[in-house]
Amino acid sequence: MKILELRTIFGIFSLINPASILRDCSYLPLMMEHIRNFCIIAHIDHGKSTIADRLLERTGTITEREMKFNQVLDDMELEQERGITIKLHAIHMKYRAADRNEYTLNLIDTPGHVDFSYEVSRSLEACEGAILVIDASQGVEAQTISNLYLAIEAGLEIIPVINKIDLPGAMTEQVKHQIIDLIGCKEDDIIMASAKMKIGVDEILEAVVKRIPAPSGNPTAPLKALIFDSIFDSYRGSIVYIRVVDGVLREKDKVKFFATNKYFDAEEVGILEMDRLRTKELRAGDVGYLIPGAKDVHDTKVGDTITNANNPADGPLPGYKEAKPMVFAGLYPVNADNFGELRESLEKLRMNDASLIFEPESSVALGFGFRAGFLGLLHMEIVQERLEREYQQELITTVPNVEYRVIKLDGDVVLVDNPAFMPPIGDIDRIEEPFIRAQIITPTEYIGNIMKLCTDRRGVYKNTTYIDPTRADLRYELPLSEIIFDFYDKLKSTSRGYASLDYDFLENRESDLVKLDILLNGESVDALSSIVHRDKAYEWGKKLCAKLRKLIPRQMFEVVIQAAIGSKVIARDTISAMRKNVIAKCYGGDISRKRKLLEKQKEGKKRMKQVGRVEIPQEAFLAVLAMEE
Amino acid sequence: MAGIYIHIPFCERKCIYCDFYSIEDNSLQQKFVSSLIKEIELSDAVWQNEIIETIYFGGGTPSVLSPHKIGTILKAIHNRFNISAEPEVTIEINPGTIIPHYFKEYLSSGINRVSIGVQSFRDQDLQFLSRIHNASEATNTILDARRSGFNNISIDLIYSLPTQTLDNWKEIIRRAVEFNPEHISAYNLTVENQTPLSRMVQSGSVTIPEDDLCAKMFRYAMKYLEECGYIHYEVSNYSLPNMESKHNSNYWMHKPYLGLGPSAHSYRNDLRWWNHRNIGDYLDNIAEGKVPLSGSEHLTPQQTMIEEVMFQLRMGKLDFNHLQNKFKIEMDPSQKLIKDLINDNYIEYKDGIVKLTENGFVFCDEITKRFLNSFSIM
């Protein structure tokens, strides 16, 4: 499932932009009351893509030729699960409703992962309504609820849809009650659908037209347009996806971006169908794109407001936030010679990922590399995967950590995003770490397991509510550092895959934290230092030493592994010296085999890192990630 | 100067640890010998320009072939190639396959060196190894060879057996020396993939001794044999002065050799090639008048260098002057590695020549790896 999420978002990033096709503004809806802007809220796998595909089909947005193309793509494994929508950030559909009027429906895509909740909130802000899709066999999940709450907060009209009603495992009645409890709607408001069987598609379209309000902006006021997404095109630079709230945006207008205070000329303006359709203007209520001629996405941030520089609005739309990295890790080239290449790749990547930050750092064990900040673990995985796949970089990624706020005795505050740079114990007054608010939805039989997991992870219990007699909604406050390793996997395994998690940042809180160093034959390995809670340090150190003993090959001398807090050693393990290393026979047929082994070892040597005399394979740097409970 | 290797792919019974190619079906012997003679005739003419100084019958079990058949093969070799005046001609002999009068017949057909697969002087060890002979047959075979007039005898031994203690091994090696063999090969048991032994180890029914014990056995062999006047000239090989196996030494000096018979490897001028392993494929090729070639590789200078470093160190030395001249190797001027290795008592170093210590032999592969990592071809 994680892979799927990764792919989905990956898909958005690697969007291939079609060329723009010229249409004039007569293609735009004449009246705001005939526009409906909406999104689909669904948990992964609940059928968002399939429903979107049906809507595109039913409104004739996908031509026969494109449909065929899509079907071809659908034959490929990678594309199968995605559906077509994820290649689109927003899509413009024309729909003649039962009332004989032609409506413009703008379907806006929302990312589906907790790392991107801010992006989700901006996409929701561009809509007046949301289709809530719940899988009839799965019921409500945490992701759905948190996104639903965001939608309700944003004042969106919710159209509940139960999908996959044709499945043998469908618990339609039960899911109906969950939905009624959740949003307080009437049973009649819930649409029964099976996107796969094409059931309920017309009902959904009619509900969109009838129940979702038309946009309510002022077409004659100064321009205010919300950026809900932006991508990078190597020819055109940044392409921003916008919802015009007030006023009109025309090509050649001089536009201002509030948050970055940058000015650009609107090079191209249009709407999005399967291609970019250049309409040269967008009006209040419209959803479309703007190419401002900005060289990368850092000038065009999601959530920012665009206005007309010559006739500016008083201020931006509310709700803009600077995307803040929460998880940090060192990225090092496997082969030290490739540092320059890695830098170039990261710089290119940053052009289309406004949330990625990085700066050079060096490590005694790993040499020169970068410390990078990510929105969350998934974001980190995406960056890693893109560096490896698209830029052919071979990476050693250190164990991820959060950012600690260290208050020193002299009152100085230091932000520490790399455990190696923690000030000496003697200088520290206290350490604060980020806490998150977690929401876990689970079948009731797993409550015990999950509470134990949360307690083990230093969770603070808040409350439990019941969505229905069989499903509970648990609220915890947890240190972010405790969930970035394997919390999600543990949650899944302890609940047979049924529990779901959502979280958001709460606050920084003081904790009794210590820096745990790992020493090999007395030399500290900076890349293996970690910051842990004092109560867990002993156990943690013991496990880490044992794990490293397994990962570090025998050397010609004994290797002593120690875990230490400051100068106090709290755990120790040894790798005994190699006793012998020579093969017995080397005759005719053995020679090539033996030489190939040496060639392989020579190649492998490049991938080994060295601290003192001890050679450390790269897997050892991820030992912490692979630790057993 | 070149050598010829003939692989005889027959055994009365396959041993559990052996991964050399052989079959237990002896009915193909006659067909094999005539094919081998055809292969000799098919061999590339360049070999006719070489002076052949060593001939080696290996296997399998060459001694399952009658001395008459061996004689026929040798005759064909003499007809086809240019053999030196006093070649070293070796045959591997397995106790239990041989009748005493065979030795005289081998001698008269031109064989002048026997390598006897004794492996151990303990019945328990021999049973574990699934050998067909027992300790007294091994003893008699050595004595027969000597009595028949062989003055160049090699004894093969295997140590680190699950059935052996260090004291057992000491006893075995002392017994071997009592026969005054000119040459002793002492091999640490190697668990080769795809052998019955490897399956036994995997299933846990056999436990291989710890490296610590293996190293002790190896060290004892080195020490004791040196005391008895043997020269440790390769990791697993010891000989009285000037009695090294010339044939095997040629391998380790990158001298050309022609391998005949299934799975045999050949080498000449940076090119290595090998015959089909399967006897059926081998016989089919020859029947079609084709050289039974299965594969080949052309060594890059880098690969030749790697092999030379590996061979030299296995022979207990490394000649930097030679390597620098031949391969234009760039060496660390600080000689950090050499200093480290001297410090740890792995090598001695003088005038550009590295010599492995006894300790160095125990870690020969590790030292090879470290030398190779320390320099590069410019």
Side-chain angles (χ1 to χ4, degrees), chain A residues 333-338 364-367 520-523 549-550 552-560 574-618, chain B residues 5 7 19-21 58 158-160 185-190 192 210-216 218-219 234-236 248 251-252 257 259 263-267 272 274 277 295 297 299 302-304 306-307 309-311 313-314 340 344 346 360-370 372-373:
Chain A
V334 164
N335 185 341
D337 301 343
N338 299 337
V364 179
L366 299 172
L520 294 179
N521 284 357
E523 291 200 48
R549 186 179 48 145
K550 285 189 194 142
I552 297 174
R554 280 186 173 206
Q555 326 248 326
M556 280 159 90
F557 42 86
E558 185 180 78
V559 178
V560 177
T574 50
I575 303 168
S576 56
M578 201 187 282
R579 297 295 182 184
K580 141 181 178 299
N581 187 10
V582 57
I583 62 153
K585 286 188 296 182
C586 191
Y587 299 106
D590 308 317
I591 298 168
S592 297
R593 199 164 26 139
K594 174 114 172 69
R595 187 201 68 237
K596 281 179 188 149
L597 189 69
L598 285 165
E599 287 172 320
K600 216 170 121 192
Q601 283 170 339
K602 197 169 163 68
E603 211 32 61
K605 163 81 182 170
K606 287 185 195 155
R607 309 169 73 92
M608 286 273 193
K609 301 294 168 184
Q610 198 160 355
V611 170
R613 292 175 68 195
V614 184
E615 287 189 338
I616 312 172
Q618 46 175 318
Chain B
Y5 172 80
H7 189 80
D19 74 336
F20 289 112
Y21 179 69
I158 302 184
Y159 62 93
S160 297
S185 298
Y187 297 108
N188 191 111
L189 177 69
T190 308
E192 304 283 359
E210 297 282 333
D211 278 358
D212 211 6
L213 177 59
C214 303
K216 281 184 181 141
F218 184 26
R219 286 174 199 273
E234 198 262 356
V235 169
S236 304
N248 288 341
Y251 290 158
W252 304 320
Y257 52 91
S263 81
H265 282 59
S266 305
Y267 179 86
R272 178 174 291 122
W274 46 94
R277 194 174 158 88
E297 60 177 358
L299 301 187
Q302 163 100 359
Q303 290 174 323
T304 312
I306 292 174
E307 290 189 1
V309 170
M310 155 179 123
F311 291 151
L313 283 169
R314 288 185 66 82
D340 283 352
D344 293 338
Y346 293 118
F361 269 112
V362 178
F363 293 98
C364 181
D365 287 6
E366 178 68 25
I367 293 165
T368 307
K369 186 178 91 185
R370 285 170 67 172
L372 286 174
N373 288 337

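Lettering follows sequence order; numbering is per chain, from 1. As the structure is a computational prediction, the values presented were derived from the model and not from experiment.
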#### Entry: Ser592(A) versus chain B, the contacting section by heavy-atom distance below 4.5 Å
both

#### Entry: chain B contact via Lys594(A) - which portion, at a heavy-atom distance below 4.5 Å
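Backbone plus side chain of Lys594(A), per the 4.5 Å heavy-atom cut-off to chain B.
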
### Query
What heavy-atom pair brings Met310(B) and Cys586(A) nearest, and what distance separates the two atoms?
CE-SG, 3.8 Å

### Query
Which heavy atom of Ala584(A) sits nearest a heavy atom of Asn188(B), and at what distance?
CB-O, 3.4 Å

Please classify the contact of [X] with chain A as side chain, backbone, both or neither, using a heavy-atom distance under 4.5 Å.
X         : answer
Asn248(B) : side chain
Glu297(B) : side chain
Arg277(B) : neither
Phe361(B) : backbone
Tyr346(B) : side chain
Leu299(B) : side chain

### Task
Check the pair Arg314(B), Ile583(A) against side chain to side chain contact (heavy atoms under 4.5 Å, CB included), reporting the backbone distance first and the verdict last.
CA-CA 10 Å; Arg314(B) 288 185 66 82; Ile583(A) 62 153; 3.6 Å; yes

### Message
Would you compute the distance between atom NZ of Lys369(B) and atom CG of Leu597(A) and round it to the nearest 0.5 angstrom?
### Response
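The distance works out to 9.5 Å.
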
## Note on the structure
To the nearest 0.5 Å, atom CG of Leu213(B) lies from atom NZ of Lys580(A) at 10.5 Å

May I ask you to test the [X]-[Y] pair for a side-chain heavy-atom distance under 4.5 Å?
X         : Y         : answer
Glu210(B) : Arg579(A) : no
Glu307(B) : Ile591(A) : yes
Phe557(A) : Asp344(B) : no

### Query
So Tyr187(B) and Tyr587(A), would you call those rings parallel, tilted or perpendicular, with 30° and 60° as cut-offs?
perpendicular

With chain A as the partner, which of [options] has the greatest number of non-hydrogen pairs under 4.5 Å?
options                                 : value
Lys216(B), Glu366(B), Glu234(B)         : Glu366(B)
Tyr5(B), Phe20(B), Trp252(B), Phe218(B) : Trp252(B)
Thr190(B), Ile306(B), Asp365(B)         : Asp365(B)

### Task
Could you tell me whether a side-chain N or O of Lys602(A) sits under 3.5 Å from a main-chain N or O of Leu372(B), the two making a donor and an acceptor?
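Flag set: sc Lys602(A) to bb Leu372(B) pair under 3.5 Å.
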
